[in-house]
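Inspection log for the structure reproduced underneath, given as structure tokens.
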Amino acid sequence: MEYSVKVDAFEGPLDLLLHLIQGLEIDIYDIPMAEISEQYMLYIRAMKVLELNLASEYLVMASTLLAIKSRMLLPKHEESWDHDDAPFEEEDPRDELVERLIEYRKYKHAAVELKEKEQERGSFYTKAPVDLSQFETQKQDSLEELQIDLHDLLGAFNKLMRRKKLKKPMSTKISRQEVSIDKRMEEILTDLRKLNGPKLFHEMFPITEKPHMVISFLAVLELMKRNEITIRQEHNFSDILVEAFEGVNLVAQP
Amino acid sequence: MHNHDIDAVIESLLFAAGDEGLSISQLSAVLDISMQEAEITINRLKESYADQKNRGIHIVELAGAFQLATKREMTPYIKKLVESPVTSTLSQAALETLAIVAYRQPITRMTIEEIRGVKTDRPLHTLVSKGLIKEAGRAEGAGRAILYGTTHEFLDYFGLNDLSQLPALTEDIDGAEGEEETDLFFKSLQSSLGADQPADHE
Amino acid sequence: MHNHDIDAVIESLLFAAGDEGLSISQLSAVLDISMQEAEITINRLKESYADQKNRGIHIVELAGAFQLATKREMTPYIKKLVESPVTSTLSQAALETLAIVAYRQPITRMTIEEIRGVKTDRPLHTLVSKGLIKEAGRAEGAGRAILYGTTHEFLDYFGLNDLSQLPALTEDIDGAEGEEETDLFFKSLQSSLGADQPADHE
């Protein structure tokens with residue numbers, strides 16, 4: 001398996017920019033370049049800290065943003081050499097970017113609608129065709145007449161995968177327990193204090209379910225920030241150790 | 001041939017065809033009726049299945065073919081008995097790519113990448129391997145790049161009868177959707193990176 | 001739970017259960033009724049399906065399991081469907097089977113049936129007779145079941161040089177979820193947690 005860790009969470013620089021524009025409640029047709037560049041760089045830095053493999057597109061966009069920003073800072077002396085007085089539509093350095101963002105956003109929203117349709121379609125059950133080959137005539141069609149290609153094969157397989165199968169045993173649904181970050185922080189800290197020594201980093205993730213792992217990860221980050229725990233690594237690639245600071249601080253004190 | 005109630009015959013045919021579905025032309029051929037008549041009949045049946053409160057299945061039209069499916073309100077009962085589909089849902093990258101292909105087909109990988117602003121070979125690969133898109137010719141010009149288009153299975157997968165049923169593209173929408181996880185992740189990241197940055201950008 | 005007509009619920013359950021059928025105990029568990037009540041209800045339904053002239057399917061009982069099937073008198077129509085010229089391509093059943101054999105060869109019929117969830121001897125027969133698959137040895141163990149694999153003709157037909165040219169599936173054919181792009185972050189997180197954790201939680 002290859003490990004090309006994607007800069008997760010965002011689908012690329014355009015997606016990140018849209019996220020920022022929305023978060024900052026900026027008018028997409030009048031983007032404050034200084035602000036957006038600053039925020040953008042912050043995210044890039046964060047991704048680097050996380051050692052996520054930053055796709056080169058993000059860096060290209062960073063320089064594009066800076067280029068637009070500096071072009072906008074240039075003094076506008078067009079008037080001086082605007083020889084005839086024809087209404088001269090001054091080109092905004094942001095135009096091309098805005099156009100790309102709007103175009104991309106169209107499809108991003110279409111993707112959301114497709115996702116809804118995917119779920120809707122996934123909520124009903126269909127059945128396999130009855131095996132009808134007993135009725136097939138003796139005269140078999142030759143292969144050439146079949147007119148199928150690999151895509152039909154893949155499509156048929158995908159369809160099969162979508163079909164639901166009857167469960168062998170009646171399974172009792174394990175109701176997923178939602179764990180809050182606060183609760184997980186408390187658990188981790190109590191655990192570490194009881195131990196009175198370091199614990200391996202991976203032991204912070206006893207349940208390998210995505211939501212639980214994310215919560216655990218966030219809990220560890222938050223505990224670090226609050227100086228409740230310390231994390232160290234003896235040398236490169238050695239085990240990461242997590243230990244509670246001595247102290248009487250209680251987590252999540254009201 | 002018509003000793004039997006046409007409704008019964010169609011029900012049996014639909015049942016036999018399963019998720020392969022039945023087209024109007026197949027119906028007309030088997031029932032020995034005109035295409036128009038077949039269409040009227042199947043649509044009447046479709047309504048009748050939908051209306052009958054004591055029926056748990058109905059007729060749906062997918063990718064130009066009619067097939068039987070359970071009614072949506074039955075899902076909770078069936079879930080107690082049947083595995084949910086193993087198919088993982090498509091990733092955001094795949095959905096975006098698919099949206100672009102669906103609305104702009106035939107289209108080359110390069111054009112898709114221009115629109116998305118990122119490399120798109122992986123999502124394209126995923127979509128081809130799921131049979132949702134296919135090579136639909138080659139572009140004119142030097143590279144003769146592959147042109148992608150959607151498949152029959154694409155329609156079925158999204159419950160569409162044909163491409164005209166795709167939701168209309170809209171230019172201006174303001175809505176936060178699916179951003180929560182991202183936000184949570186980056187908020188905590190930002191706060192762990194230091195307090196000099198505004199932690200909330202909502 | 002019974003906001004819905006019990007007849008409708010049972011119909012949808014029978015439909016979803018397919019060839020595996022439903023036992024009285026399953027019905028009683030899902031519907032939250034006594035075994036006796038379940039038996040009375042299913043038998044009432046069975047009669048009602050049989051009596052209705054406008055229904056092409058009925059409920060049959062096989063080895064203690066109830067399942068839907070087409071009524072016997074519908075057979076001529078279904079036969080006609082298979083023979084109709086519109087249907088001259090490989091059936092969905094055959095395509096599915098071929099896909100499974102192509103990606104999982106050598107493979108026994110039993111394993112294919114486990115994956116598809118339905119009987120598959122006829123589609124296998126069709127594919128063998130068309131020369132797309134062939135017997136490729138025998139499985140170890142008691143039954144020494146036939147193992148199937150694709151033929152040279154299969155490669156020819158699909159324009160492949162060898163099997164490695166088959167498009168990679170994103171999804172394991174056993175139904176286990178394949179690696180999804182969105183999961184990469186979590187995968188890498190898990191792998192950074194050490195090898196003693198199960199790397200996949202599919």
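Remember, predicted model here, so these are calculated numbers, not experimental data. Order of the sequence lines fixes the chain letters, A, B, ..., with proteins taken first and strands second; residue numbering starts at 1 for each chain.
Residues passing the side chain to side chain donor-acceptor pair (under 3.5 Å) test with B/R138, sequence neighbours excluded: B/E135.
Listed for the A/E120 side chain is no donor-acceptor partner under 3.5 Å among the backbone atoms of B/G159.
Among the candidates B/K71, B/E114, B/K134, B/M74, the residue making the largest number of heavy-atom pairs closer than 4.5 Å to chain A is B/K134. Per-residue heavy-atom pair counts under 4.5 Å with chain A were compared for B/L68, B/V118, B/T75, B/L62, and the maximum is reached by B/V118.
For A/A110, the parts lying under 4.5 angstrom from a heavy atom of chain B are both the backbone and the side chain. Residue contact with chain A, scored on non-hydrogen atoms closer than 4.5 Å, involves the backbone of B/A17 exclusively. Heavy atoms of B/I115 lying under 4.5 Å from chain A belong to its backbone as well as its side chain. For B/A168, the part lying near chain A is the backbone, with the side chain staying farther off; criterion is any non-hydrogen pair under 4.5 Å. The contact between B/K119 and chain A is made by backbone and side chain atoms together, counting heavy-atom distances below 4.5 Å.
Note: B/L169 CG to A/R105 CZ = 12.5 Å, rounded to the nearest 0.5 Å. Interatomic distance, CZ of A/R100 versus CZ of B/R116, reported as 12.0 Å (0.5 Å rounding). A distance of 11.0 Å separates CG in B/L95 from CD in A/E116, rounded to the nearest 0.5 Å. Interatomic distance, A/H109 NE2 to B/E96 CD, rounded to the nearest 0.5 Å: 10.5 Å. To the nearest 0.5 angstrom, A/F157 atom CZ is 11.0 Å from B/E153 atom CD. Atom NE2 of A/H151 is separated from atom OG1 of B/T151 by 8.5 Å, given to the nearest 0.5 angstrom.
In terms of heavy atoms, B/L90 sits closest to A/E118 at N-OE2, 3.0 Å. The heavy-atom pair separating A/L154 from B/V128 by the smallest distance is CD1-O, 3.3 Å. Closest approach of A/F124 to B/T70, counting heavy atoms only: CB-O, 3.3 Å. The two residues A/K115 and B/T89 come nearest to each other via the heavy atoms NZ-OG1, 4.1 Å.
For B/E73, the CD atom counts as densely surrounded, since its 6.0 Å shell holds more than 12 non-hydrogen atoms of other residues, nucleotides or ligands.
For the pair B/R104/A/Y107, a side-chain contact is recorded, criterion being any heavy-atom separation below 4.5 Å from C-beta on.
For residues 44-57 of chain B, an interface with chain A (any heavy-atom pair closer than 4.5 Å) does not exist.
Under 4.0 Å is where a charged nitrogen must lie from a carboxylate oxygen, and between B/D156 and A/R121 at least one such pair does.
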>> Let's go through A/E113 and B/F158 carefully: what are the C-alpha distance in whole Å and the side-chain angles of both, what is the deciding distance for side chain to side chain contact (heavy atoms under 4.5 Å, CB included) to 0.1 Å, and is it a yes or a no?
In response: CA-CA 10 Å; A/E113 301 211 42; B/F158 289 101; over 6 Å; no

